[in-house]
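These notes are about the structure you will find just below.
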Amino acid sequence: MSNLEVVHENNDYIVVNKMAGLISEKSPYEDCTVESQVLNLLLKNKRKPYIGIIHRLDRVTSGVLILAKKKSILVEFNNLFSSRKVQKTYLAIVKNKPQKNKENLINFLVKNNLEKRADIVPSRSKDSLECNLSYQVIDKNDFGYLLEIKPKTGRFHQIRAQLANIGLPIIGDEKYGSDQKYFPLSICLHAWKLTYQVSGSKEFKTFEAPLPKNAFWTFKSI
């Protein structure tokens, strides 16, 4: 079982740095998931711990993930997410040079269940959902260009699909056209920061997940 990297823990929730290759939720088909890792950790201090899945990351994505330790906290975070009071910041590495250093992308996305991917379509339809993100180039190395990405919507595979749609598939993401090899069950997409507004106050909390420890992620700026 892979080691669990805890970013922060309190009585209400636990924040972890998810490893790429793991799915978020417990599954009868998987020996090791983030939820099962957290359960094993919490069982050391509590006989029947509660774990609420607030949000998920794709198997191939690493980064910050929050799990609730109380039902009330799960409900509270669900409300924060649905009212868009949570801002996620991702980092991605792309091999191709972006035409623009910063850009806002708005597309229409259709979930392709047969191929388990998202397809960008040219215009709105009854099956499509609008997806919106902004990116900016913040560094580069021998492997490619480092993008900081802020999604404004939370659609299935939207970062992967929207970047590929402008000729910037994420390194390792063969499903969306990358020809650059990376590690198995992983792509160069990392959920770097998560910021939320504390209920009933003007205070914001931010959690940051350390970058994957490999040569692809060696940059001078971070």
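If you read the sequence from its start, that first residue is 1, and numbering goes on from there. Both backbone and side-chain heavy atoms feed into the values below; hydrogens, waters and symmetry mates do not.
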Quiz item: In terms of the angle between their ring planes, are Y13 and H8 parallel, tilted or perpendicular, with boundaries placed at 30° and 60°?
Solution: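 Aromatic pair Y13/H8 classed tilted.
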
Quiz item: Relative to each other, are the rings of W217 and F219 parallel, tilted or perpendicular (30° and 60° limits)?
Solution: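 Judged by the thresholds at 30° and 60°, the geometry between W217 and F219 is perpendicular.
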
Quiz item: Does F77 have its ring centroid less than 6.0 Å away from the ring centroid of H55?
Solution: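 Between F77 and H55, the centre distance exceeds or equals 6.0 Å.
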
Quiz item: Under 6.0 Å between ring centres, would you say that holds for Y182 and F216?
Solution: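 Distance test on ring centres: under 6.0 Å, yes.
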
Going by an N to O cut-off under 4.0 Å, is there a salt bridge joining [X] and [Y]?
{"X": "K69", "Y": "D12", "answer": "no"}
{"X": "R160", "Y": "D58", "answer": "yes"}
{"X": "K175", "Y": "E115", "answer": "no"}

Quiz item: Name the one of D179, D142, D173 that satisfies salt bridge (Lys or Arg N to Asp or Glu O under 4.0 Å) with K95?
Solution: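 Exactly one candidate clears the test, D179.
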
Sub-4.5 Å side-chain heavy-atom contact between [X] and [Y]:
{"X": "L147", "Y": "P98", "answer": "yes"}
{"X": "S178", "Y": "V94", "answer": "no"}
{"X": "E35", "Y": "S24", "answer": "no"}
{"X": "D139", "Y": "I222", "answer": "no"}
{"X": "V198", "Y": "F204", "answer": "no"}
{"X": "I159", "Y": "L133", "answer": "yes"}
{"X": "R124", "Y": "E130", "answer": "yes"}
{"X": "I53", "Y": "V34", "answer": "no"}

Self-check item: V6 and L41: CA distance, side-chain angles, deciding distance, side-chain contact (heavy atoms from CB on, under 4.5 Å) verdict
Solution: CA-CA 10 Å; V6 177; L41 177 69; 3.9 Å; yes

Between [X] and [Y], what is the shortest heavy-atom contact and its length?
{"X": "T61", "Y": "A191", "result": "CG2-N, 4.3 Å"}
{"X": "E5", "Y": "P210", "result": "OE2-CG, 3.4 Å"}
{"X": "N96", "Y": "G167", "result": "ND2-O, 2.9 Å"}
{"X": "V121", "Y": "S128", "result": "CG2-CB, 4.1 Å"}
{"X": "K70", "Y": "N11", "result": "CE-O, 3.4 Å"}
{"X": "L74", "Y": "G52", "result": "CD1-C, 4.0 Å"}

Is it true that a side-chain atom of [X] and a backbone atom of [Y] form a donor plus acceptor pair closer than 3.5 Å?
{"X": "Q136", "Y": "E103", "value": "no"}
{"X": "S36", "Y": "C32", "value": "no"}
{"X": "K205", "Y": "L194", "value": "no"}
{"X": "R59", "Y": "L22", "value": "no"}
{"X": "Y176", "Y": "A118", "value": "yes"}
{"X": "T153", "Y": "R155", "value": "no"}
{"X": "Q162", "Y": "L105", "value": "yes"}
{"X": "N79", "Y": "S82", "value": "no"}

Practice problem: Start with the C-alpha distance between V64 and V15, add both sets of side-chain angles, then the distance that settles side-chain contact (heavy atoms from CB on, under 4.5 Å), and finish with yes or no. | Solution: CA-CA 7 Å; V64 66; V15 185; 3.5 Å; yes

Going only through I, L, V, M, F, W and Y residues with side-chain contacts under 4.5 Å, is there a path from [X] to [Y]?
{"X": "I54", "Y": "L57", "answer": "no"}
{"X": "Y90", "Y": "V60", "answer": "yes"}
{"X": "L91", "Y": "F183", "answer": "yes"}
{"X": "W192", "Y": "I93", "answer": "yes"}
{"X": "I51", "Y": "L4", "answer": "yes"}

Which value, rounded to the nearest 0.5 Å, describes the distance between [X] atom [atom1] and [Y] atom [atom2]?
{"X": "L189", "Y": "I170", "atom1": "CG", "atom2": "CD1", "answer": "4.5 Å"}
{"X": "Q87", "Y": "K150", "atom1": "CD", "atom2": "NZ", "answer": "5.5 Å"}
{"X": "E9", "Y": "I66", "atom1": "CD", "atom2": "CD1", "answer": "12.5 Å"}
{"X": "N17", "Y": "H190", "atom1": "CG", "atom2": "NE2", "answer": "5.0 Å"}
{"X": "S62", "Y": "L211", "atom1": "OG", "atom2": "CG", "answer": "8.0 Å"}
{"X": "T218", "Y": "N141", "atom1": "OG1", "atom2": "CG", "answer": "7.0 Å"}

Quiz item: Going by atom types alone, do E148 and Y135 pair a side-chain donor with an acceptor below 3.5 Å?
Solution: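 Distance-only check fails for E148 and Y135.
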
Self-check item: Audit row: V16, V38, side-chain contact (heavy atoms from CB on, under 4.5 Å) steps and yes/no
Solution: CA-CA 9 Å; V16 301; V38 170; 4.2 Å; yes

Self-check item: Axial cation check for Y145 ring with K140, 6.0 Å and 45° limits
Solution: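 The answer is no; the distance or angle limit is not met.
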
Quiz item: Can you check side-chain contact (heavy atoms from CB on, under 4.5 Å) on Q197 and E203, steps first, answer last?
Solution: CA-CA 6 Å; Q197 187 173 357; E203 182 191 352; over 6 Å; no

Quiz item: Does atom NZ of K152 have more than 12 heavy-atom neighbours, drawn from other residues, nucleotides or ligands, at distances under 6.0 Å?
Solution: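 Yes, NZ of K152 has more than 12 neighbouring heavy atoms, counting only those of other groups under 6.0 Å.
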
Exercise. For atom CD of E174, decide whether the heavy atoms of other residues, nucleotides or ligands shown that lie under 6.0 angstrom number more than 12.
Key: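 Open: at most 12 neighbouring heavy atoms sit under 6.0 Å from CD of E174.
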
Practice problem: Quick one: list whatever passes side chain to side chain contact (heavy atoms under 4.5 Å, CB included) with K126, sequence neighbours left out. | Solution: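 None.
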
